[in-house]
Amino acid sequence: KVKFEFAEFAATGAGRNLMRGFERQAKHGILDFFPEIDHWCMEEFLWHGAPDSDWNPIDHFLAATADRFPPAARQQLARWKQARIGLFEVGDCAEDLVALRELDPLTLQPVAAWIRSISLNIGGVNFYAKQKGMITLTYVAPWAPEQNIYCAMGYGVGLPRGDCALAAPLIFGMRNAKAITFPLPWKAGKIAQQQFFEQWARRDWHGWVRERV
């Protein structure tokens with residue numbers, strides 16, 4: 001419920017323009033081909049804000065609700081700013097927690113030990129009950145570090161191992177969001193697009209690549 005309230009807060013007022021701008025920029029950048037890139041931008045914005053702004057949604061939400069959450073809760077919610085996208089192998093579900101283990105996006109080898117995590121998606125960890133052994137692409141943040149408990153942020157997608165390499169560009173892009181908002185010049189407009197298409201049709205691609213590799 002708190003995440004839902006926070007997301008509505010972040011997507012209105014000053015946050016709305018920043019989030020929409022981030023989504024528009026990503027659709028004209030190097031990850032424009034990725035399915036639902038605008039949804040991933042929204043998720044990235046919730047935890048870290050827009051890459052060209054220091055306006056952080058979580059900081060402003062906590063300031064606006066200062067009278068509602070005690071200090072310990074505020075400290076816990078602030079940990080959402082540490083949310084990090086990655087590929088996680090799904091393990092057992094027990095005691096309202098799911099076991100997750102982060103994998104390298106390219107080799108799919110474990111890069112960290114198993115952690116226990118709550119989940120903010122609808123259904124909580126029950127969502128993962130039948131996904132043991134599968135890979136989930138999602139954001140995870142610390143929740144109760146003293147108990148080694150983390151927090152899966154709710155938005156994500158389950159992937160079979162054979163498809164995981166396709167997620168690597170999104171992971172590396174969202175970890176450096178400023179890079180994915182750089183506009184591709186052929187997306188500046190229809191005239192620019194046509195000029196680039198004509199240029200590409202005439203280019204000696206073997207020679208062009210050989211000069212650069």
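Numbers here simply count residues along the sequence, with the first being 1. Excluded from the calculations below are hydrogen atoms, water molecules and symmetry mates; all remaining heavy atoms, backbone and side chain alike, are included.
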Please report, to 0.1 Å, the donor-acceptor pairs under 3.5 Å made by any side chain of residues 160-170, with sequence neighbours excluded.
none

Distance-only donor-acceptor pairs under 3.5 Å for side chains of residues 90-103, two or more places apart:
unit_1	atom_1	unit_2	atom_2	d
Asp92	OD1	Lys132	NZ	2.8
Arg101	NE	Glu89	OE1	3.4
Arg101	NH2	Glu89	OE1	2.9
Glu102	OE1	Arg84	NH1	3.4
Glu102	OE2	Arg84	NH1	2.8
Glu102	OE2	Arg175	NH2	3.2

Quick one: are [X] and [Y] in side-chain contact, heavy atoms under 4.5 Å?
{"X": "Arg79", "Y": "Gln75", "value": "yes"}
{"X": "Met174", "Y": "Ile37", "value": "yes"}
{"X": "Ile180", "Y": "Trp40", "value": "no"}

Linked, directly or transitively: [X] and [Y] (ILVMFWY side chains, under 4.5 Å):
{"X": "Val111", "Y": "Ile85", "value": "no"}
{"X": "Leu108", "Y": "Leu106", "value": "no"}
{"X": "Ile135", "Y": "Phe88", "value": "no"}
{"X": "Val2", "Y": "Val125", "value": "no"}
{"X": "Phe61", "Y": "Met42", "value": "yes"}

I'd like to know if the side chain of [X] reaches the main chain of [Y], judged simply by a donor and an acceptor atom lying under 3.5 Å from each other, with no hydrogens or angles considered.
{"X": "Lys3", "Y": "Met153", "result": "yes"}
{"X": "His48", "Y": "Lys81", "result": "yes"}
{"X": "Thr181", "Y": "Gln25", "result": "no"}

For the student: nearest non-hydrogen atoms of [X] and [Y], plus distance:
{"X": "Leu46", "Y": "Ile58", "value": "O-CG1, 3.7 Å"}
{"X": "Arg16", "Y": "Ala11", "value": "CB-O, 3.2 Å"}
{"X": "Pro57", "Y": "Ala10", "value": "CB-CB, 3.8 Å"}
{"X": "Leu62", "Y": "Ala78", "value": "CD1-CB, 4.1 Å"}
{"X": "Ala152", "Y": "Val140", "value": "CA-CG2, 4.2 Å"}
{"X": "Gly158", "Y": "Met134", "value": "C-CE, 4.1 Å"}

Can you list the residues that meet the side-chain contact (heavy atoms from CB on, under 4.5 Å) rule with Pro183, with sequence neighbours excluded?
none
Kindly write out the residues that satisfy salt bridge (charged side-chain N to carboxylate O under 4.0 Å, His left out) with Arg20, not counting sequence neighbours, or none if the list is empty.
Glu23
For Glu5, check salt bridge (charged side-chain N to carboxylate O under 4.0 Å, His left out) against everything at least two apart and list the hits.
Arg68
What residues form a ring pair (Phe, Tyr, Trp, His ring centres under 6.0 Å) with His60, not counting sequence neighbours?
Trp55
Who pairs with Phe182 by ring pair (Phe, Tyr, Trp, His ring centres under 6.0 Å), at least two apart in sequence or on another chain?
none
Once side chain to side chain donor-acceptor pair (under 3.5 Å) is applied, do any residues pair with Glu36, and if so which ones, sequence neighbours excluded?
Tyr155
With sequence neighbours left out, write down each residue that passes side chain to side chain donor-acceptor pair (under 3.5 Å) with Glu8, or none if nothing qualifies.
none
Write out all pairs satisfying side chain to side chain donor-acceptor pair (under 3.5 Å) with one or both partners inside residues 134-151, taking only residues at least two apart or from two chains.
Glu44-Tyr139
Calculate, to the nearest 0.5 Å, the distance between atoms OG1 and CG belonging to Thr65 and Asp67 respectively.
7.5 Å
Atom pair CZ (Phe6) and CZ (Phe9), whose distance is rounded to the nearest 0.5 Å:
8.5 Å
Tell me, which pairs form a salt bridge (charged side-chain N to carboxylate O under 4.0 Å, His left out) where one or both residues lie in residues 189-204, sequence neighbours left out?
none
Among pairs that include at least one residue of residues 112-129, which meet salt bridge (charged side-chain N to carboxylate O under 4.0 Å, His left out), considering only residues two or more places apart or in two chains?
none
Quick check on the 6.0 Å ring-centre criterion: do Phe22 and Phe45 meet it?
no
Check whether more than 12 heavy atoms from other residues, nucleotides or ligands sit under 6.0 Å from atom CZ of Phe33, and answer yes or no.
yes
Once the angle between the rings of Phe197 and Trp200 is folded into 0 to 90°, is it parallel (under 30°), tilted (30 to 60°) or perpendicular (over 60°)?
tilted
